Structures are given as C-alpha cells and as structure tokens.
Amino acid sequence: MSTKQPQRILHADGDSFFASCEIALDPKLEGRPVWVGGGRHGDGIVIAANRTAKKFGIKTGIACFEAKRLCPRGVLCRPHYEEYRRLSQAMFRILEEYTPTLVPTSIDEGFLDLTTMDAHVWRETTPADYVNGLRARIKRETGLPVSAGLASSSRLAKLATDVGKPGFLEIKAGEEKEFLRDRPVRELSGIAKNRERRLAALGAHTFGDVAKLPSHQLQKVFGIWGQQLWLFAHGRWSEPLLLEVKDRTTISSATTLPYDEHDYEAALTFTLSEATRLTGQLRREQLALRELSLGVRFNDFSEMGASHRFQHAQFQNSVINATLEQLFREVMSRAGRPVRQLRIAFWNLTRLDTQPTLWGTTDAERWGALDAATHQLNDKLKKQAVMTGAQLALQHLDGGPRQPKAKCPFVPQREMVKKLWGTDADPLAHKEEWEKRLAKVSKHHAVKG
Ligand SMILES: [Mg+2]
C-alpha cells in the first residue's frame, strides 16, 4: 500500500468563454441570448454562444443568419479578441494564486495541482468551499463564469468539469470507479471515433464495461493507451501534472480583409507588413524558418497559394519579405479577382543558434535583441512607435490614425477612391488596370483567331 498522498487535480474551464467575455464587457447583455460571430457583414459562423442562446439550438459552427432565425431577439456580438486575451490573463492571474502548479491548456482552460492542499489549506475548509471561493472570485473580479472539476488525474478532472457544467463537481478519492461505471467512454476527452468504435466492437460502451475486460486484451488492441484506459476505468490512473513547453512548429496568420480588395499592390503592402510582424515574433522566440507559404482566398471563395523552401534557415525580414513578394506576384499573375483573405505561414521552424561567439554577438542575436526592444517599446507606448518600411507604407496607405492592433488596418481602394475623388466608385480609377487586362485578353483572342 502506498502512503503517498492521493493526487488532486483541478480542471478550470470558462463557460462559453467568448460569449461570457462579451457579457462581462457589456453587463446589459446579462440574461439575454448572446452569440459571437465572425464574418464581415454578419455572414460568418457562430464561434461561441451562451447557455441562454444554446437553449434556442444555437451552437458553434452554425451560420449567423441561421442563429438569428432561431432566436430573433438574441444578440450577435462581433469578436473582440484583444479583450478576450486580456480577460483570460486576468482569470489566470487569479488561478495562479491558488496553486503552486498551474498548467494552462487554452485561452480559457487550465489544470491546477491541489495535491498538497489537504494537509495545509484544506484543514480549515473543504475542497468544495475552496474551489467555489475561487470561482466566485473570478466571477467578481472579471465577470466570467467558470466551471471546475476536481479529481485524481487531469483526464478525470476534465471529465468531471464536463459532467458538472455549469458549476463544480468533485470526484472524491476512492469514488472514481463508481463514478465512471455508467459513463460512456466517449466522454473521455480526446478519444477518437475509431477507438470508440473498436471499443464498441469489444462490447465496451461505458467505463464499467472497459473495467470488466481483461487488461491484456486492451493492451493487445490499443497498446499502452489500452493499459492506461484500463487503469482509468478502475479509477487507478494518475499522472503528474507537468508544465511542458513544446517548441512551436509553425507561426501563421490569416486575415480576412474588411472589403474585397481590388488593388493588389495594397494587398501586397498588407501582406509584407503582416509578414514583418510575424518575423519579429519568430526572432523574439529565437526561431528561424525553412519554409514559408502564402495563401490567397478570393471573393468567390476560390483559393490559390504558393510556397517556398529555403536552403538554409532564415530569420531576416529582408530575405523573407523578398521571397514573399515573389510568391505574391506569382499567385496574382494567375488571378483576376478581388482578394478576400490572406494567409501567411512560416513552418519547418528551427531553433536559432544564439550562442555568443568569440567574436561577439551573432547577426541573429542582434536582430533578436532589436525585435525584443521594438516590441517592448511599442507595448509600453501602446502604439507602433518603431516601424519597418512595409509597416510605414501600410500606415501611409491608411492615411489616418488607426487601431493599435487592428487586424486589417489599411483602407481598401474603394474608400481611397472616395477620399480622393469624393465619389463612391470612379470608373476611371481602375481604367489603366482594366485596359491592361483587356489588352491581354484581346491579344489572346487575336493569337487564337
Ligand atoms: Mg470553455
């Protein structure tokens, strides 16, 4: 018999996080059906819905117009990602105070190791009071409702949260097997459909069924995972809660422009400015890229893309942007439609060697330090005080003051035309471009004829 303290892991999870953030930001929405939707003209999909909205059948993934049809009196909110990030941080700051080990797993979810609480903190209180106090404090200070589950492992704690939502559910030490007996195996997070099917083929639909199977049979079918599942079903699975920092494998961004952009040069300027931002991030994280790709989605939702693989890992803006410009021109030479969305991805990332050499700092090191300083300065001043050429060009394109971190800060050509000529769409504004294009087409026909 082990005398080791039983593990107590808490899983905390924000309820309908984005929708709750919107309500926290605007308390007038409290009690109303609320959903957050993407898209530019309310033509996107629902990315979060609160509990009240869910009662009307509104769920993540359905179209916003469908949501409106299901619940005409509900409120559609535009996403405010910066605010969500800020509220998430505030939530994790509070969670941090309740445990020596906090492992965030997403913007609104994380695990807390409360194993050592029994002997000290919980002598005066119960786990339920402790966790409910924590939940009440998050609600009070950030406005966000949080559900939680407490159990002997992170997997079981997550399952407890899902079962007890909204609220708190504790699975006491020793009661795990009993709790799991009638629960379907599909409730285990991360269980793949084909594993579920293969378990069903063995006659195992609930954890109770799994517990009745011989462990060697599960091991034969599923390998190590089968053994773990068997232990889990018996309430005997435990694993230490570790904070693993994995190296990034990709840095990317996808931006849907506020309007379909006819002007490819404007789209290019935006692409390069966005790439500059990503390159800064790349170097701050001391990484270099081997491959980069560009994806363009047009207003008819057709897509084109191109990618490039470098011989050696790259980290310099000048090299990356020059290649990206080439890719952009290559893609656009085959295109003839307005641009809806731009996607840039850096991948095949490797660690930058930033060991100081005998001869002083390396190029990579100096560039990295410059990026870190620029980032810090811009952060401190709450505006873009230091810019590269591409970013400056983008701001010139814009012409006016802009949001500090707007997703797509440039004014599209349609608005530029309006500013310059004071009319909505001067047909002459595109004359040259159209002439060129028509010339190409007529030449093509002439050759054929
Ligand atoms: Mg959540």
Side-chain angles (χ1 to χ4, degrees), residues 9-27 29-38 44-62 64 67 74-99 101-114 128 131-151 153-171 183 186-191 241 243:
I9 307 291
L10 184 77
H11 175 242
D13 181 7
D15 296 338
S16 329
F17 188 66
F18 291 172
S20 296
C21 285
E22 290 299 334
I23 296 166
L25 294 168
D26 181 5
L29 297 175
E30 185 79 63
R32 300 186 61 183
V34 172
W35 59 92
V36 180
I45 58 165
V46 172
I47 54 179
N50 72 347
R51 202 160 291 277
T52 320
K54 279 178 186 152
K55 279 185 201 146
F56 290 88
I58 294 161
K59 56 184 180 204
T60 307
I62 70 167
C64 284
V75 186
L76 163 70
C77 297
R78 298 292 192 178
H80 298 94
Y81 295 111
E82 283 303 311
E83 292 295 313
Y84 304 162
R85 248 170 251 145
R86 184 181 62 78
L87 284 164
S88 161
Q89 257 178 22
M91 176 178 128
F92 280 111
R93 287 270 166 277
I94 297 171
L95 289 174
E96 236 172 13
E97 292 179 28
Y98 286 73
T99 174
T101 314
L102 167 69
V103 178
T105 54
S106 76
I107 192 164
D108 70 325
E109 265 181 72
F111 293 104
L112 289 74
D113 194 338
L114 302 182
V131 176
N132 285 327
L134 159 73
R135 293 176 55 228
R137 189 170 150 210
I138 293 176
K139 176 82 183 140
R140 194 168 60 242
E141 291 182 17
T142 67
L144 298 171
V146 170
S147 287
L150 181 66
S153 68
S154 48
R155 291 181 202 196
L156 192 56
K158 188 170 166 58
L159 204 154
T161 306
D162 293 341
V163 172
K165 200 171 249 199
F168 168 64
L169 182 70
E170 177 187 7
I171 303 170
R183 306 222 68 91
R186 89 180 85 84
E187 286 183 0
L188 185 63
S189 85
I191 193 163
L241 187 62
L243 182 60

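Not measured: the values here are computed from a predicted model. Each residue takes its place number in the sequence, starting with 1. As the structure lists them, so they are numbered: ligands from 1, and atoms in each ligand from 1.
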| task | Can you label the angle between the Phe18 ring and the Tyr84 ring as parallel, tilted or perpendicular, going by 30° and 60°? | result | parallel
| Is there an N/O/S atom in Asp108 that lies less than 2.8 Å from the Mg ion (ligand 1)? | yes
| Can you tell me how far CG of Asp162 sits from CZ of Arg183, rounded to the nearest 0.5 angstrom? | 10.0 Å
| message | Keeping Thr99 on the side-chain end and Leu102 on the backbone end, is there a donor-acceptor pair under 3.5 Å? | response | no
| Which N, O or S atom name in Asp13 marks its closest approach to the Mg ion (ligand 1)? | OD1
| message | Would you say the Mg ion (ligand 1) has Phe17 as a near neighbour, meaning an N/O/S atom of that residue under 2.8 Å away? | response | no
| request: Considering non-hydrogen atoms only, spot the tightest contact between Ala49 and Ala53 and give its length. | output: CB-CB, 4.1 Å
